[in-house]
Amino acid sequence: MSKSEQLFAEAKKYIPGGVNSPVRAFGSIGGVPRFIKSADGAYIYDVDGNEYIDYVCSWGPMILGHNRQEVRQAVVEASKNGLSFGAVTEVETEMAKLITEMIPSVEMVRMVNSGTEAVMSAVRVARGFTGRNKIIKFNGCYHGHSDGLLVKAGSGVMTAGVPDSSGVPEGYTQYTLTADYNNLDSVRALYESNPGEIAAIIVEPVAANMGVVVPEKGFLEGLREICDQNGSLLIFDEVITGFRLSEAGAQGYFGVQADLATYGKIIGAGMPVGAYGGRREVMSVVSPLGSVYQAGTLSGNPVAMSAGLAQLEMLHANPQWYEKLNEKSEKFFKAIGDILSECGKPYSINHTGSLGSIFFTDREVKNYADAKTSDTSAFASYCNYMLDHGIYCAPSQFEAMFISMAHTDGELNHTLEVIRDYFKR
Ligand SMILES: *Cc1c(COP(=O)(O)O)cnc(C)c1O
């Protein structure tokens, strides 16, 4: 029995499913989750002494690669002064100021502890600001696990065997309307049947929790226009795309501005951090300035802020890193597409910047319904082969591959070889 097998058996006695977040259980690909001991650069190492080129990157945060010395040092230094004070600290303002410099549409920002919390709070702000209750979300987009957003959600919910979650009263989701990704008509129809009632549209500007689904030309611009015509706010959930597609996230990458945006993952450099921000006028409804209540005992934690700040400062100082990352990622994903056609596979690869996924279906994947036609057992076989050959990909068809700035051509080319070997068999 491997050490991972032993540890998983032990974990299952005390933790539901042995994990603190469902996808980690490897339920949709079978097999035993690898217990990780350490990580460095593009690699992670498990307790059995195996090394892997890592395409999960902690689900995004490690855009600079694992265990960056500058980030680690910032954490060590900050922790020498104490871990938390529950009072204001200077580093919170430094963090907020840097975020507003990096993202033009964000004039004010509030720090929280996770992406879930960021989205939940942003939706509350949108409702408080507009005085309306209803929101529109897209089928297959994941916005964290808060009650009102667990409707046709992606990510682990897609493979959990239930469409949504039990324990969420119907009343909690009655204000959540759902539309189809890349389908502006489905959004317009909701406006027609709910005139004057929609506070906000929330969208993943690149959907990355039903696998990667790219916004078609005009989709994000169309949402912007619909919001403007109807007095609704546009919320970009940039928990994945933020600080990844560009310094200004998807807003910078696509040139579409949101009224509110939510952040997580990269913003904390591996520490539990989230944030939501937007126009000054909108953010001014947040307590204690305004009447929308939102708080957090550990929000703006100085150690977490120092980690995030160290990472964001490096990204801000080196905008050319994004060009390089996006360029090498594009080359990599295109090469996967070439391998698929060379091997006569009908599958497709969707990608934007350093996010991509292979869909094990012969359909072009533009929305949730398309994504769901994927052959998840074919994916499972592929994913396990990759693991057995030292490549760590997200253990689900409906997640993204993340590439970091630490992935060199050497690692990417080696990965392509393993992918080719698999599809050639
Ligand atoms: C991960 C994710 C969330 C939730 O963030 P947590 O930190 O896991 O709570 C929300 N929205 C999107 C788009 C995400 O990818």
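When a ligand or atom number is given, it counts from 1 through the structure's own listing order.
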Identity and distance of the protein heavy atom lying nearest atom 4 (C) of ligand 1: Thr116 N, 3.6 Å

Donor on one side chain, acceptor on other, Tyr43 and Glu411, under 3.5 Å: yes

Which one holds for [X] and ligand 1: side chain close, backbone close, both close, or neither close, with close meaning a heavy atom under 4.0 Å?
X      : answer
Asn209 : side chain
Glu204 : side chain
His145 : neither

Side-chain heavy-atom pair Ile99, Met111 within 4.5 angstrom cut-off: yes

Test applied, side-chain hydrogen bond (donor to acceptor under 3.5 Å, both in side chains); reference residue, Tyr276; option that passes from Gln294, Glu238, Arg124: Gln294

Any atoms of ligand 1 less than 4.0 Å from a non-hydrogen atom of [X]? List them with their elements.
X      : result
Ile240 : 15 (O)
Gly115 : 4 (C), 5 (O), 6 (P), 7 (O), 9 (O)
Ser114 : 7 (O), 9 (O)

Minimum non-hydrogen distance to atom 2 (C) of ligand 1, winning option of Glu117, Met120, Lys265: Lys265

Heavy atoms from other residues, nucleotides or ligands near OH of Tyr293 exceed 12 (cutoff 6.0 Å): no

Enclosure of Glu90 CD (heavy-atom neighbours >12, cutoff 6.0 Å): no

Salt bridge (Lys or Arg N to Asp or Glu O under 4.0 Å) partners of Glu77, counting only residues at least two apart: Lys80

Mutual orientation of the aromatic rings belonging to Phe379 and Phe360 [parallel < 30°, tilted 30-60°, perpendicular > 60°]: perpendicular

Under 3.5 Å: N/O of Asp237 near N/O of ligand 1: yes

